[in-house]
Amino acid sequence: MADPTLQTFCCHHTNRTDRAITLMQEFNTDAYNTVCMLSSTMGMIGAIYQVLPREDSNSSFRWRGFFRGRDIIVRLAVADLLASLGVFVRSVLWRNFKSIMPMEGDTSSVVFCALSSAWIQYFYMATWIWTLCYAVDMKLLLGDKNGYPVYYHVFAWILPAVLTSFGLIILYIPDANCHSLTSLSSAILRILPNYCATYVLLTVVMIANPILYIASTRDFETAVLYSMAQMTGRERRLIQTIRLKFALINLVYYVCWIPNLINGVLLWTLWFQLPIRVIITLWYIMAVTNPLQAFFNAIVYQSWTRREKLRFECCQDFKSSTINLNAISKINSNVQLSESSPLLNPRTEHRHKIPHVSINGSSSL
């Protein structure tokens, strides 16, 4: 999981009466790491599925937002894949070689825990920002405005690095001993910045995404009404489909990350009164929901209006040659037609095309 609480456990523990030590005595670390490995494996499967290339449509026009939305979805999946990979590797090593809570003098475990936690936190922060970028881009797309891919990349890759470095440097430097603090003020100055760097961004995305999707749905309704000049049952079903898709994207984000917010609030308000069983239960929930974000994203971000087909480059040459041979044989069979005959053929006469609105990188309406 990606949580500042676990990152504080990377520090040295010299005080044997510390509450964290008591918590670890009741914590089944092997079972926890097993859960993390299973959920992160499913997350990696979902992310890999999202990254695989898709075939273009055979329709007579290209979808306006195909490459635009698809690029964001792929970047989101890549960040999810690397985050899930970090959770998997950390859990495997914790289960077999390292300790979740390093003791005094165990410098190698402290370094491994700090670096792996930084890796996981960085890439999960990147997924939050790419989720926000997708919502922003949908708002711009449905408003018939250009996106800002360069700004998306700068924002999604640089801001997490700044926030992760800021929180973890204050937490670990100079001696990675954040459990021997003697006053509340020193604990707030040492530990709280990492919580703020993590949860402020998480909360901003939780607030901004629903607002953006509600505005996008309104823009979509306007686009459908103006482009089709009618509001029949088909158009209403179309709008309901988009509204449901946006709602499920938000739901996945909330389900995967609200447990982290609850955990942070409870620990900072009821750390000494909170039952240890409640803390452990929240950790198991986060161990399941955080890595499964990629798996759920593979479901909600895919096309809802057509069946997606994976494209494998090794099969493209064979497919292209088959299409060319079929075209040549068709031309030979119709050699008696004049040069102007295709224009007179009823099958090729001009047909009215219904205007379309693209809602994501892999679907068109």
Side-chain angles (χ1 to χ4, degrees), residues 1-15 18-21 23-24 27 32 36 79 82-83 86-87 90 94 98-102 107 109-129 132 155-207 256-272 274 279 282-283 285-287 289-291 293:
M1 67 181 180
D3 187 77
T5 307
L6 196 61
Q7 293 163 6
T8 61
F9 281 61
C10 298
C11 297
H12 291 291
H13 290 75
T14 57
N15 184 3
D18 187 72
R19 181 170 169 81
I21 299 291
L23 189 152
M24 274 297 171
F27 186 46
Y32 172 80
C36 288
L82 294 175
V87 173
R90 184 179 68 179
W94 267 351
K98 300 290 183 179
S99 173
I100 291 181
M101 177 174 287
T107 304
S109 293
V110 171
V111 173
F112 167 74
C113 182
L115 292 178
S116 60
S117 297
W119 174 283
I120 294 168
Q121 179 172 322
Y122 170 77
F123 283 109
Y124 272 129
M125 280 186 173
T127 66
W128 303 343
I129 297 179
L132 177 63
F155 190 48
W157 300 122
I158 294 180
L159 182 59
V162 173
L163 294 176
T164 301
S165 301
F166 170 75
L168 295 184
I169 286 175
I170 293 177
L171 180 66
Y172 294 134
I173 292 180
D175 53 3
N177 191 359
C178 56
H179 289 275
S180 60
L181 306 178
T182 57
S183 65
L184 178 60
S185 59
S186 59
I188 291 176
L189 293 175
R190 187 81 177 268
I191 299 176
L192 186 59
N194 190 38
Y195 278 83
C196 292
T198 304
Y199 288 144
V200 168
L201 176 61
L202 180 62
T203 305
V204 167
V205 178
M206 281 187 174
I207 296 173
C256 290
W257 298 109
I258 275 186
N260 296 61
L261 284 179
I262 295 175
N263 179 71
V265 172
L266 291 179
L267 290 183
W268 274 98
T269 56
L270 301 171
W271 172 244
F272 293 102
L274 195 64
I279 300 175
L282 282 172
W283 282 10
I285 293 175
M286 290 186 288
T289 57
N290 292 179
Q293 175 183 244

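Only a predicted model underlies this, so the values are computations on that prediction, with no experimental measurement involved.
Looking at Trp128, its side chain never comes within 3.5 Å of a backbone N or O of Met206 through a donor-acceptor pair.
Looking at every heavy atom in both residues, Pro193 comes nearest to Ile170 through CB-CD1, 4.0 Å. When every heavy atom of Thr127 is checked against every heavy atom of Ala79, the shortest pair comes out as CG2-CB, 3.6 Å. Pairing each heavy atom of Tyr172 with each of Ala114, the nearest pair is CE1-CB, 3.6 Å. Here the closest non-hydrogen pair linking Leu282 and Pro259 is CD2-O, 4.4 Å.
Atom OG1 of Thr198 and atom CG of Asp3 lie 8.0 Å apart (nearest 0.5 Å). To the nearest 0.5 Å, atom CD1 of residue Ile258 and atom CG of residue Leu202 are 9.0 Å apart. For the atom pair CD1 (Ile120) and CG (Leu115), the distance works out to 11.0 Å, reported to the nearest 0.5 Å.
Close placement of the Trp257 and Tyr124 rings is indicated, their centers lying within 6.0 Å of each other.
Counting only heavy atoms from C-beta outward, the side chains of Val265 and Tyr199 never approach each other to under 4.5 Å. The side-chain heavy atoms of Val87 and Phe123, taken from C-beta on, include no pair separated by under 4.5 Å. At least one side-chain heavy atom of Asn194 sits less than 4.5 Å from a side-chain heavy atom of Leu168. Looking at Trp119 and Leu82, their side chains come closer than 4.5 Å, going by heavy atoms from C-beta outward. Looking at heavy atoms from C-beta onward, Leu267 lies in side-chain contact with Leu274 at the 4.5 angstrom threshold.
Of the candidates Cys113, Ser117, Cys36, Ser117 is the only one forming a side-chain contact (heavy atoms from CB on, under 4.5 Å) with Arg90.
With sequence neighbours excluded, the residues forming a ring-ring contact (aromatic ring centres under 6.0 Å, His included) with Trp283 are Phe9, Phe27, listed by chain and number. Remark: Val200 pairs with Cys196, Val204 by the side chain to side chain contact (heavy atoms under 4.5 Å, CB included) rule, at least two apart or across chains.
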Just distance, no hydrogens or angles: give the donor-acceptor pairs under 3.5 Å from side chains in residues 155-163, sequence neighbours left out.
from   : atom 1 : to     : atom 2 : distance (Å)
Trp157 : NE1    : His153 : ND1    : 3.3

Give the intermediate values and the outcome of side chain to side chain contact (heavy atoms under 4.5 Å, CB included) for residues Leu171 and Ile191.
CA-CA 6 Å; Leu171 180 66; Ile191 299 176; 4.1 Å; yes
